[in-house]
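To keep things clear, I will list the structure first and then write my remarks on it.
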Amino acid sequence: MDTEFSTSCERLDTELGCSVKKSPLFQRRSTYLTYGLLALSYILILTLFIMFLSKASKSETSKDDKSRDYSELKNNVSVLFYKLKLLEETSQRSNCDSGWKEFNGSCYYFSKNTMDWNKARDLCLKRESDLVVITSENEQDFLHETTQDGRYWIGLSDTDEEGIWIWVDGTDYETTYKFWKEGEPNDHLKNEDCAHMWTHGEWNDVPCTYSYCFAICEKRIPPRT
């Protein structure tokens, strides 16, 4: 049971505001532009190399001139390869919006303000996501590494029927991963129906009206077509 209460949190107006989303069309255009630049870089490298070979075969310049031309070409190619590497890294960056963290096919948002469970879920839904559903030890470790020992709501509750815990996305609770704190859930005072992460990332049940937890939102990254 969680009995520690802290001071009231900041207003939620800013937190509940929807962030600007990049449209799928914008993302596709950005992807096409990136790959177009990659292709152009390869073409430029090949063109420089061909130009050098052509000049070397036709020119009667001195050995020193040829050496200087070769060094210049080598430098130009090195610069292009560096820029090409940056473009490749850019194309492989996170599929998540700014402010979200990517892990194993999902994007995660960690709220800056605290709120009760229902407001936390509303926050996530407004961000086209939902409270996090934890299905593996790897995911649990990632979340704990990010949250440390902070208190964060997860998408698990038994509000419909006591003792029947349900994930917000319908994932089967009985057959999936669990990480409850020892002795939890205990439904202290018959009023603890929502779960949150706490010390060591372990899960604990508290009243859903408890307003001193942050939120973890999750949305799956759609497969590329």
Side-chain angles (χ1 to χ4, degrees), residues 1-18 99-220:
M1 180 187 67
D2 183 6
T3 58
E4 297 181 15
F5 290 87
S6 58
T7 57
S8 59
C9 62
E10 299 175 12
R11 291 178 61 85
L12 300 176
D13 297 316
T14 302
E15 186 61 58
L16 293 176
C18 295
W100 294 69
K101 291 181 178 290
E102 182 177 347
F103 177 78
N104 197 27
S106 285
C107 297
Y108 298 85
Y109 177 77
F110 301 84
S111 73
K112 305 299 188 297
N113 296 327
T114 60
M115 62 206 79
D116 65 37
W117 192 88
N118 287 305
K119 288 181 178 178
R121 191 174 187 196
D122 286 342
L123 167 69
C124 295
L125 292 174
K126 287 186 176 182
R127 293 177 178 268
E128 301 179 358
S129 59
D130 210 334
L131 284 172
V132 63
V133 174
I134 306 172
T135 58
S136 71
E137 185 175 358
N138 286 339
E139 185 177 21
Q140 172 70 36
D141 290 343
F142 159 74
L143 295 173
H144 179 233
E145 181 180 349
T146 305
T147 62
Q148 296 302 309
D149 288 343
R151 307 177 192 204
Y152 284 80
W153 290 119
I154 61 177
L156 184 63
S157 69
D158 66 346
T159 52
D160 293 338
E161 183 178 350
E162 179 57 39
I164 305 299
W165 289 91
I166 298 175
W167 288 107
V168 291
D169 70 344
T171 294
D172 184 49
Y173 168 80
E174 295 300 329
T175 59
T176 50
Y177 178 82
K178 303 172 186 63
F179 198 60
W180 289 105
K181 187 178 180 68
E182 184 176 356
E184 304 293 346
N186 63 2
D187 193 32
H188 183 69
L189 299 179
K190 307 299 181 183
N191 189 35
E192 296 186 327
D193 297 324
C194 290
H196 72 129
M197 292 177 61
W198 191 19
T199 308
H200 307 305
E202 295 174 312
W203 307 350
N204 177 46
D205 62 336
V206 292
C208 298
T209 55
Y210 183 83
S211 60
Y212 302 99
C213 292
F214 298 92
I216 305 175
C217 303
E218 176 186 11
K219 57 183 174 183
R220 297 293 297 175

Step by step, work out the side-chain contact (heavy atoms from CB on, under 4.5 Å) result for Tyr210 and Arg151.
-> CA-CA 11 Å; Tyr210 183 83; Arg151 307 177 192 204; 2.4 Å; yes

The complete set of side chain to side chain donor-acceptor pair (under 3.5 Å) pairs with one or both residues in residues 152-170, sequence neighbours excluded, reads Asp169-Thr171

Taking the side chain as every heavy atom from C-beta outward, state whether His196 and Asn204 have any atom pair closer than 4.5 Å.
-> yes

Can you run down the disulfide bond (SG atoms under 2.5 Å apart) pairs that involve residues 141-172, sequence neighbours left out, and say none if there aren't any?
-> none

Say whether, by atom type as modelled, one donor and one acceptor occur between the side chain of Trp117 and the main chain of Ser211 under 3.5 angstrom.
-> no

Is the backbone N or O of Asp193 less than 3.5 Å from a side-chain atom of Asp205, with the two atoms forming a donor-acceptor pair by type?
-> no

Pairs meeting criterion disulfide bond (SG atoms under 2.5 Å apart) with involvement of residues 131-164, two or more places apart | none

Inter-residue atom distance Cys107.SG - Lys101.NZ, 0.5 Å rounding | 12.0 Å

All salt bridge (Lys or Arg N to Asp or Glu O under 4.0 Å) counterparts of Asp149, not counting sequence neighbours = none

Can you tell me how far the CE atom of Met115 sits from the OG1 atom of Thr209, to the nearest 0.5 Å?
-> 14.5 Å

Main-chain N/O of Thr176 paired with Lys178 side-chain donor or acceptor, under 3.5 Å = yes

Ignoring hydrogens and angles, tell me if any N or O in the side chain of Asn118 forms a donor-acceptor pair with the backbone of Asp122 under 3.5 Å.
-> no

Is there side-chain contact between Phe110 and Leu143, with heavy atoms separated by less than 4.5 Å?
-> yes

For Asp130, the side chain to side chain donor-acceptor pair (under 3.5 Å) test, sequence neighbours excluded, returns Arg121

Lys/Arg cation over aromatic Tyr109: Arg127, 6.0 Å, 45° cone = yes

Of all the heavy-atom pairs spanning Arg220 and Gly105, show the shortest one and how long it is.
-> CZ-O, 3.5 Å

Quick one: list whatever passes side chain to side chain contact (heavy atoms under 4.5 Å, CB included) with Asn104, sequence neighbours left out.
-> none

Which residues pass the side chain to side chain donor-acceptor pair (under 3.5 Å) test with Ser129, sequence neighbours left out?
-> none

Euclidean distance, Glu202 CD relative to Glu184 CD, rounded to 0.5 Å = 9.5 Å

Is there a side-chain contact between Leu131 and Ile216 (heavy atoms, below 4.5 Å)?
-> no

Just wondering, do Glu218 and Ser106 contact through their side chains at under 4.5 Å, heavy atoms?
-> yes

Check His200 against Phe179 and note the closest heavy-atom contact, atom names and distance.
-> O-CE2, 3.5 Å

Tell me the disulfide bond (SG atoms under 2.5 Å apart) pairs involving residues 154-211, sequence neighbours left out?
-> Cys194-Cys208

Taking Thr146 for its side chain and Phe142 for its backbone only, find out whether a donor-acceptor pair lies under 3.5 Å.
-> yes

Sequence-distant partners of Tyr173, side chain to side chain donor-acceptor pair (under 3.5 Å), two or more places apart | Trp180

Between Lys112 and Phe214, is any pair of side-chain heavy atoms under 4.5 Å apart?
-> no

Can you give each donor-acceptor pair under 3.5 Å made by side-chain atoms of residues 132-141, sequence neighbours left out, with the distance rounded to 0.1 Å?
from: Ser136; atom 1: OG; to: Glu139; atom 2: N; distance (Å): 3.1
from: Glu139; atom 1: OE1; to: Thr135; atom 2: N; distance (Å): 2.9
from: Glu139; atom 1: OE2; to: Tyr108; atom 2: OH; distance (Å): 2.6
from: Gln140; atom 1: OE1; to: Trp203; atom 2: NE1; distance (Å): 3.0
from: Gln140; atom 1: NE2; to: Gly201; atom 2: O; distance (Å): 2.7

